[in-house]
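One structure is given below, encoded as structure tokens.
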Amino acid sequence: MMKKTIISVGLALLIAGCSASQPEKPMSLKEQYEAALARTQAAVEKAASMEGEWRDIRWKKSKKRYLPKAIEAAKAGDYEKALKLLSIAEFQAEMGYKQAMAEKNAGPHLYGL
Amino acid sequence: MRKIATLLLSAGLVASATTAIASSPKEDLEKFRAYFEQKFPGLQLDDFGNGAYALDADKRMQWEAMEEFPPYDEFVDKGREIWEKPFKNGKSFADCFGKDPSKVRVRYPHWDAKTKQVVTLEGDINKCLKENGEKPFKWKKGPIAWLSAFFGYEARGQKINVVIPDDPDAIKAYEHGKHFFYAKRGQLNMACADCHVKYPGHFIRGNLLSPALGQVTHFPVYRAKWAKKSKDGDGLGTLHRRYGGCNKQVRARPFKAQSKVYRDLEFFHQYMSNGLTINAPGYRE
């Protein structure tokens, strides 16, 4: 009885291990882009909900506009460029959110007032 | 037992930390003013309304020369024309604001108990237009700034007198604006208060930073920089235009003029200058 359990657990682990280490089909650049885009968009909304969005992510008058430019690059088929721009946008969105969280208790007391 | 004691103790700490934050508007105002008076002991209260020019003698001389033939005069006149011109329905701004244009500026910004929001002068200008079937003005410059500058000009000599009513929703709006003012933001991680409370009197990229006290008395402002950017030398812009510029500088995304964020910020920001004399419009670099 005991032995059987050990074996079956072992087997299960083995199977799990195999399927985890065996890469399913590698993600295409397009798929990577789509995943990164969804992540970035969510991160920007999260930062914006805390009034923490930075200037250069998507604001229409920014010269950088990393997010819309990533989308443009992807439309033109340049997924590598799109992924690079998205990684900046996602980082900035996450930082904006973290900053807003860190500033939750900001107030005059911090200025000796 | 000891665990309970520590719990209680930490709860006490938390409570005292929050009471440090939750001061009344009146207490905020007293500390704010005392801070600037100590920082700049040579200045009279109304000197603060002259912004950076109160802090630098050379700049002040240039500025006074400029104010002798002020470049904003023609735009104040345009504001007066807008005030006098009737709407298509025969009514006019006087039907919204009352007959005396010198009594308008001091009523703003104010809390509206019915709609539960901060009402600004510019907001009411466009509301008046819409209610009378006219097309509203753009928010940051042009006709809205001319008319607002005319109201400011007519109100010269009166004192800013923002009332924060004892209404939880009004306090919430005030606290929101206050938090916005003190919270660091943008890629450069700076708060309004960093530049205009901590460092006024210092230069940043060639600009002398003005103290937050008195910043609102001369708005809408005529800026040489904005005049250069416009086709016809119109350098007038509203307070919310300036807010947007200051958010951009620290690489934060600016909010829309007249958004709730900026109206709440204005509620706090103008309240902090209560008692200072209106000297709008003003000239600035």
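Chain letters run A, B, ... following the sequence lines, proteins first and then strands; every chain starts at 1.
Atom CD of Glu31(A) has more than 12 heavy atoms from other residues, nucleotides or ligands within 6.0 Å. Counting non-hydrogen atoms of neighbouring residues, nucleotides and ligands closer than 6.0 angstrom, the NZ atom of Lys172(B) reaches no more than 12 such neighbours. Enclosure of atom CG in Asp166(B) is not indicated, since only 12 or fewer non-hydrogen atoms of other residues, nucleotides or ligands lie within 6.0 angstrom. Crowding of Lys30(A) atom NZ: a count of heavy atoms from other residues, nucleotides or ligands under 6.0 Å not exceeding 12. Counting heavy-atom neighbours within 6.0 Å of Lys84(A) NZ, excluding the residue itself, gives a total of 12 or less.
Listed by sequence position, Lys248(B), Arg251(B), Ala252(B), Arg253(B), Pro254(B), Phe255(B) are the residues of residues 244-258 of chain B in contact with chain A, using a 4.5 angstrom heavy-atom cutoff. Contact residues of residues 187-216 of chain B toward chain A are Gln187(B), Asn189(B), Ala191(B), Ala193(B), Asp194(B), Val197(B), Lys198(B) (heavy-atom distance under 4.5 Å). At a heavy-atom cut-off of under 4.5 Å, chain B is reached by Gln99(A), Glu103(A), Lys104(A) from residues 95-104 of chain A, listed in order of number.
One finds the CG atom of Asn105(A) at 15.0 Å from the OH atom of Tyr182(B) (value rounded to the nearest 0.5 Å). Atom NZ of residue Lys184(B) and atom CG of residue Leu110(A) lie 8.0 Å apart, to the nearest 0.5 angstrom. In this structure, OH on Tyr111(A) lies 8.5 Å from CZ on Phe181(B), to the nearest 0.5 angstrom.
Considering only heavy atoms from C-beta on, Pro108(A) stays 4.5 Å or farther from Lys31(B) through its side chain.
Every residue two or more places apart in sequence or in another chain that forms a side chain to side chain donor-acceptor pair (under 3.5 Å) with Gln117(B) is listed here: Arg263(B).
When every heavy atom of Ala183(B) is checked against every heavy atom of Ala106(A), the shortest pair comes out as CA-CB, 3.6 Å.
Between the side chains of Glu51(A) and His179(B), not a single donor N or O lies within less than 3.5 Å of an accepting N or O.
Of the listed residues Arg185(B), Glu30(B), Glu27(B), the one with more heavy-atom pairs under 4.5 angstrom with chain A than any other is Arg185(B).
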